[in-house]
S.K.: 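I have a structure here, written as structure tokens, and I will follow up with some questions on it.
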Amino acid sequence: MIVLVINCGSSSIKYQVFDMPEKKVLAKGLVERIGLEEGLLTHKVKDTKHQFERKIPDHTVGMELILAALVDPEHGVIKDIHEIKAVGHRVVHGGERYNSSVVIDDEVISGIEEVADLAPLHNPPNLIGIKAIQGALGKDVKMVAVFDTAFHQTLPKHAFLYPLPYNLYKEHKVRKYGFHGTSHNFVTRKTANILGIPEHQVNLIICHLGNGGSITAVKNGKSIDTTMGLTPLAGVMMGTRCGDVDPAIAFYLMEKGVCKDYHEVDKMFNKESGILGVSEMTSDMRDIEADAEENGPESRGQLVLDLFSYRVKKFIGSYMAVLGRVDAIAFTGGIGENAPIIRWSACENMSNFGIKLDPIKNKNTWRGVEGDISAPDSSIKVMVVATDEEGFIASDTYRLVK
């Protein structure tokens, strides 16, 4: 069965085409700069990349370009778009309604629309992608919504409620939802399998670290706490997001005239902070590492490394207290999988807690290499586990459609 996986952002569409159930990737690509004068489609088949520049006014046109690329005589991977039998959509927010992936119907579309206020930058583009596929392939093609928030619907009430007036939760659903659930779910299953522990018995701390980052405590295979909250702004320091800060900073900045209103605060906290804000030069951890190596311990790059790893370490420690027993700590995501220096700093001086890395294994585990990076005498396994969100979406889509 040919399954198309779609991930719509505000100005982009990521896609992958799978032959299921073998989960063989036939093609993958990215439509970007939607709505700007010069749009770009990057279409990759095996190791060959094809790029096409043209104006892409909206997501509907972007979807049409993707489908045209898939059936192109020269670089296509199917002969007819109707060979696509199912489409899986990444949907960021499912609110409290959805605790698992679901086949999309009119009721599900309404449900996604209802919680759009909780993810205004994400759910509307997700809906546009769903409707664009319906327009191109027809309503008879089965589609599945895979929610980023679903895995975290097992959080206990004492973990997801904020100490705010209770009416805010009852009337406005203000609570912790958590994100990156697709990745945390996938890594939970994969790590349990590697450890040889049944999924319903495994206790993990999963560090999904990339341009966006979140850490999750998994008890008996289920999420019981996570660092992101009502929105993806909370938790660890990220590429351009500040993570946890004193909320009164927002009031202070407006009082002092640094930010004239909440829109400017929102922009600063979400798009001008984190790695970019502290470094004042980049949001890319690779550039940060290069600066630290070139300019030494007093460099801005080293300061970013220290801030970032310190915050990861704090959440690892707090989630150890929450879990009691920890079978493994799993690092995943672009930074988690490819930044040995972050993993080392985050786990350094934690031998009293049973965490100890092997410096050689840690250094050599990156660029697609997975594995156990803990020292032989570490009582808690520390692992690098590659995530595969698109593969997870394809598997859930195939399972539900079948």
Side-chain angles (χ1 to χ4, degrees), residues 2-18 25 27-36 38-44 52 54-70 81 84 86-95 98 101-106 108-139 141-150 177 179-183 210-212 228 231-232 270-271 387-394 396-397 400-401:
I2 303 299
V3 174
L4 172 63
V5 172
I6 294 292
N7 180 357
C8 276
S10 58
S11 62
S12 66
I13 307 171
K14 293 180 184 177
Y15 66 93
Q16 285 197 37
V17 182
F18 292 85
V25 178
K28 63 174 67 175
L30 172 67
V31 175
E32 51 190 325
R33 302 204 294 263
I34 294 173
L36 302 179
E38 293 295 330
L40 177 67
L41 166 65
T42 302
H43 179 73
K44 188 175 180 181
F52 310 93
R54 58 158 289 179
K55 187 173 182 179
I56 306 171
D58 53 41
H59 287 73
T60 302
V61 173
M63 206 66 69
E64 291 170 355
L65 290 176
I66 292 170
L67 296 174
L70 296 179
I81 60 171
I84 299 171
V87 182
H89 292 267
R90 175 187 179 238
V91 179
V92 166
H93 218 303
Y98 301 108
S101 304
V102 293
V103 175
I104 295 172
D105 56 18
D106 290 342
V108 171
I109 290 175
S110 296
I112 296 170
E113 289 172 340
E114 284 175 16
V115 296
D117 285 349
L118 296 173
L121 298 179
H122 297 91
N123 274 33
N126 298 156
L127 285 164
I128 290 171
I130 290 169
K131 292 172 182 178
I133 284 289
Q134 284 182 336
L137 298 181
K139 285 196 172 185
V141 172
K142 294 288 187 183
M143 296 194 292
V144 170
V146 180
F147 298 95
D148 253 15
T149 51
Y177 288 98
F179 299 88
H180 294 139
T182 305
S183 175
N211 189 53
M228 284 181 168
T231 75
N270 273 291
K271 298 181 179 180
T387 191
D388 183 8
E389 293 173 274
E390 288 79 11
F392 182 92
I393 294 171
D396 253 21
T397 300
L400 286 169
V401 168

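Values in this document were obtained by computation on a predicted structure and should not be read as measured data.
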S.K.: Atom OG of Ser12 and atom CD1 of Ile56: how far apart are they, to the nearest 0.5 Å?
M.R.: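 Rounded to the nearest 0.5 Å, the OG-CD1 separation comes to 10.5 Å.
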
S.K.: Who are the salt bridge (Lys or Arg N to Asp or Glu O under 4.0 Å) partners of Lys55, not counting sequence neighbours?
M.R.: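 Only Glu37 meet the salt bridge (Lys or Arg N to Asp or Glu O under 4.0 Å) criterion with Lys55.
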
S.K.: Sequence neighbours excluded, which residues qualify as side-chain contact (heavy atoms from CB on, under 4.5 Å) partners of Ser11?
M.R.: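 For Ser11, no residue satisfies side-chain contact (heavy atoms from CB on, under 4.5 Å) once neighbours in sequence are set aside.
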
S.K.: Does Asn270 have any side chain to side chain donor-acceptor pair (under 3.5 Å) partners at least two apart in sequence or in another chain, and if so, which?
M.R.: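 Asn270: side chain to side chain donor-acceptor pair (under 3.5 Å) contacts with Asp266.
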
S.K.: For His43, give me all partners under side chain to side chain donor-acceptor pair (under 3.5 Å), at least two apart in sequence or on another chain.
M.R.: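 His43 satisfies side chain to side chain donor-acceptor pair (under 3.5 Å) with Tyr15 only.
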
S.K.: How long is the gap from CE on Met63 to CG on Asp58, to the nearest 0.5 Å?
M.R.: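 So the CE of Met63 and the CG of Asp58 are separated by 10.0 Å.
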
S.K.: Excluding sequence neighbours, so at least two apart, what forms side-chain contact (heavy atoms from CB on, under 4.5 Å) with Val401?
M.R.: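 Val401 satisfies side-chain contact (heavy atoms from CB on, under 4.5 Å) with Met1, Ala86, Lys142, Val144, Thr397 once adjacent residues are dropped.
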
S.K.: What is the distance from atom CD1 of Ile13 to atom CD1 of Ile34, rounded to the nearest 0.5 Å?
M.R.: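 Output value for this atom pair is 4.0 Å.
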
S.K.: Residues in side-chain contact (heavy atoms from CB on, under 4.5 Å) with Ile81, at least two apart?
M.R.: Leu67, Val71, Leu137

S.K.: Going by ring pair (Phe, Tyr, Trp, His ring centres under 6.0 Å), name the residues that satisfy it together with Phe179, two or more places apart in sequence or in a different chain.
M.R.: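 Checked Phe179 against ring pair (Phe, Tyr, Trp, His ring centres under 6.0 Å); matches are His93.
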
S.K.: Can you list everything that forms a side chain to side chain donor-acceptor pair (under 3.5 Å) with Lys139? Sequence neighbours excluded, please.
M.R.: none

S.K.: Starting at CG of Asp148, measure out to CE of Met228 and round the result to the nearest 0.5 Å.
M.R.: 9.0 Å

S.K.: Step by step, work out the side-chain contact (heavy atoms from CB on, under 4.5 Å) result for Arg54 and Leu65.
M.R.: CA-CA 10 Å; Arg54 58 158 289 179; Leu65 290 176; 3.5 Å; yes

S.K.: As an exercise, state the distance from CG of Leu400 to CE of Met143, rounded to the nearest 0.5 Å.
M.R.: 13.5 Å

S.K.: So, do Ile2 and Phe18 sit near enough that their side-chain heavy atoms are less than 4.5 Å apart?
M.R.: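 The answer is no; the side chains never approach within 4.5 Å.
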
S.K.: Counting only N and O atoms by type, is there a donor-acceptor contact under 3.5 Å from the side chain of Asn126 to the main-chain atoms of Val92?
M.R.: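 Indeed, once roles are kept as given, a pair shorter than 3.5 Å links the two residues.
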
S.K.: Can you see which heavy atom on Ala27 is nearest to which on Leu70, and at what distance?
M.R.: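 So the two residues come closest at CB-CD2, 4.3 Å.
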
S.K.: Could you report the tightest heavy-atom contact between Leu40 and Arg33, atom names first, then the distance?
M.R.: CB-NH2, 3.9 Å

S.K.: If I compare all heavy atoms of Gly62 with all of Val31, which pair ends up nearest, and what's the gap?
M.R.: O-CG2, 4.0 Å

S.K.: How far apart are the closest heavy atoms of Glu32 and Thr42, and which atoms are they?
M.R.: OE2-OG1, 4.3 Å

S.K.: May I ask you to test the Ile109-Ile130 pair for a side-chain heavy-atom distance under 4.5 Å?
M.R.: yes

S.K.: Can you run down the side-chain hydrogen bond (donor to acceptor under 3.5 Å, both in side chains) pairs that involve residues 110-125, sequence neighbours left out, and say none if there aren't any?
M.R.: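 Found Arg97-Glu114, Glu113-Lys131.
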
S.K.: Could you tell me which residues satisfy side-chain contact (heavy atoms from CB on, under 4.5 Å) with Val102, sequence neighbours excluded, listed by chain and number?
M.R.: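 With sequence neighbours excluded, Val102 shows a side-chain contact (heavy atoms from CB on, under 4.5 Å) to Tyr98, Val108, Ala145, Phe147, given in chain and number order.
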
S.K.: Can you tell me how far apart CG (Leu118) and OG1 (Thr231) are? Round to the nearest 0.5 Å.
M.R.: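 Leu118 atom CG to Thr231 atom OG1 measures 10.0 Å (nearest 0.5 Å).
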
S.K.: So Ile6 and Lys14, do their side chains get closer than 4.5 Å, heavy atoms only?
M.R.: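 With C-beta onward as the side chain, the pair stays apart.
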
S.K.: Would a 4.5 Å heavy-atom cut-off, applied to side chains only, mark His89 and Cys8 as touching?
M.R.: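 Not touching, per the 4.5 Å side-chain cut-off.
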
S.K.: I want to check something: taking the side chain as every heavy atom from C-beta on, are Val146 and Glu390 in contact at a cut-off of under 4.5 Å?
M.R.: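 No, too far: nothing below the 4.5 Å cut-off.
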
S.K.: Under the rule for side chain to side chain donor-acceptor pair (under 3.5 Å), what residues qualify as partners of Thr387, not counting sequence neighbours?
M.R.: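 In terms of side chain to side chain donor-acceptor pair (under 3.5 Å), with neighbours along the sequence ignored, Thr387 is linked to Ser183.
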
S.K.: Name all pairs fulfilling the salt bridge (charged side-chain N to carboxylate O under 4.0 Å, His left out) condition that reach into residues 59-69, sequence neighbours left out, sorted by first residue then second.
M.R.: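 Sorted pair list comes back empty.
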
